[in-house]
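Read through the structure below, which is laid out as structure tokens, and then see the notes.
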Amino acid sequence: MQRSARRKRQGFLSPALWVPAGLALALLGLPLVALVVRAPWSQLPELLAQPSVGSALALSLATGLMSTAISLVLGIPLALVLARSAQWAAVPRRLLRALVTVPLVLPPVVGGVALLLLLGRRGLLGQFLPFQLPFTTAAVVIAQVFVAMPFLVLAVEGALRASDRRFETAAATLGASRFTIFRRITLPLVFPGVAAGALLCFCRALGEFGATITFAGSFPGVTQTLPIATYLQLQTDPDAAIALSLVLMIISAAALVSLRDRWVPGVTA
Amino acid sequence: MKRALVTLVAAGLLLAGCSAAPATQPTPEPTAEDTLTGTVNVFAAASLTETFGAIADAFTKEHPDVNIAFNFGGSSALATQIVEGAPVDVFAAASGTTMKTVTDAALTDGEPTVFVTNTLEIAVPAGNPGGVSGLADFANPDLSIAICAVEVPCGAASKTVFDGAGIVAAPDTLEQDVKAVLTKVELGEVDAGLVYKTDVLAAGDKVEGIEFSEASTAVGKYPIVQLAASTNKNAAAAFVAYVLSPAGKKILDRAAFGTP
């Protein structure tokens, strides 16, 4: 039934819309095509074999996985609160939603400055820390969580809103505790949304540049992630920068293609 | 290959909000009375932001019909944009290497002139919390240190002074430009950073400067040149002449730039 509804929708798509849609697709896709076409394929193995590339890639993958894990642990509960906030008064509900969404639209450099002012050596909280957070790998992870967690929260929240609450009610009447309901009913129901959100979150963390270089700095093996290494290479060796960009793009594309049509759970799932 | 990338980057930079993006409309030819008019597009190194702004103000007081439009940025990025065909009348770079990118492409009108020099200086947060006294402190792993990455001009200059002094620096971060190093010092996130004298002066009270003798081994030279493709040659030439004039030099001296 869902499929026939979809076909019906497509039947109403005016041919006049294909032109702007095609332009939009070209704007999104052609730069990436150019990157692939102009990549220095013959020197690629040599460029990617540099030890600095390996260490930047390893650091990016490790911090990306770590920040995705933290986002899962903190973000799913936040998504539950956000989904529940539908019953709140308008002002706190909108404030909460804005707080979760702001990192998505904020220039990441601004996020990095804000993190410095909070957690830096003279920051609001940072001055009380017994250790210095900036210029550490932990700072990279914090910057990535700040920028990437909203993707997970909003994806999971969408799935929660679309899920059937009656299963939870039924479980409750059968005597399940609230945490059991969360673990055995809610979480499995929204699993596609969690998976999609985690992948988006990981890809965003992988590409994080502005907040990281501002808050965590740039030092090989400690804070210099792949996007930062790419930017620095651009100053002296554009071919190497293209090679690094290609690696980032392939990892992100592979992760996103594996999402298939679970992009926005609650709409298509 | 480079071209596609560089175009992408240039577009990205423009999108990212180079607030002084150059005006692209053709500028009118100067009139017969030799009064200067139109727009002069000036691409200049980020470290010239304050001084060139002041010079433009003084220049346009003498030539009220001329509009000076600036694009400030990292010299290497600016050089790349010029090679890629950005509409520009005057280019002032922070290093000979970046200027060479443009002269090698045969885009200049005549030879560049070195108009100022800049020397490295140690910058510490106000009050010098790390107790830094000289270049040797940069080897202390207990201090938090920021320097420029070796890929950018200030990093190359830093490497020269460290190599010359036989010091193995222990930086905590290698920043992408000199202003990023300065920011880390201003915020007190690092105990010391290596920046230019002019940056220390521009930062005001938040930063203290410490001169060191080894700085003389890496004096940065700033060349300026008019571009062959300039569409407003007379006004552009007048602006370059003004930068080199005693009036221009006075403004540059005030900002702690050195005389070549």
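So that the names make sense, note that chain A is the first sequence line, chain B the second, and so on, each numbered from 1. Since the model is a prediction, treat every value here as computed from it, not as a measurement.
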Crowded around A:Met249 CE? As in, over 12 foreign heavy atoms under 6.0 Å?
yes
Tell me, for B:Val150 versus chain A, whether the close heavy atoms (under 4.5 Å) come from the side chain, the backbone, both or neither.
neither
Grab the two heavy atoms, one from B:Pro125 and one from A:Arg122, that are nearest each other, plus how far apart they are.
CB-NH2, 3.6 Å
Give the minimum heavy-atom separation between A:Gln132 and B:Glu189, together with the two atoms involved.
NE2-O, 2.7 Å
Against chain B, label A:Leu117 side chain, backbone, both or neither, depending on which of its atoms sit under 4.5 Å from a heavy atom there.
side chain
So, the part of B:Pro129 with a heavy atom under 4.5 Å from chain A: the answer is side chain
Check: B:Asp172 and A:Pro134 side chains under 4.5 Å, non-hydrogen atoms:
no
Shortest non-hydrogen separation from B:Pro171 to A:Phe219 and the atoms involved
O-CE1, 3.3 Å
For the atom pair OG1 (B:Thr183) and CG (A:Leu116), what is the distance rounded to the nearest 0.5 Å?
9.5 Å
Using a cut-off of under 4.5 Å for heavy-atom pairs, which of B:Ser144, B:Ala149, B:Ser76, B:Ala180 has the most such pairs with chain A?
B:Ser144
When the 4.5 angstrom heavy-atom criterion is applied to B:Asp191 and chain A, the contacting part is both
Residue A:Gln127 excluded, over 12 heavy atoms near CD under 6.0 Å:
yes
Main chain of A:Ser218, side chain of B:Thr173: is a donor-acceptor contact present, judged purely on distance under 3.5 Å?
yes
Hey, does the side chain of B:Lys184 reach the backbone of A:Phe215 with a donor-acceptor pair shorter than 3.5 angstrom?
no
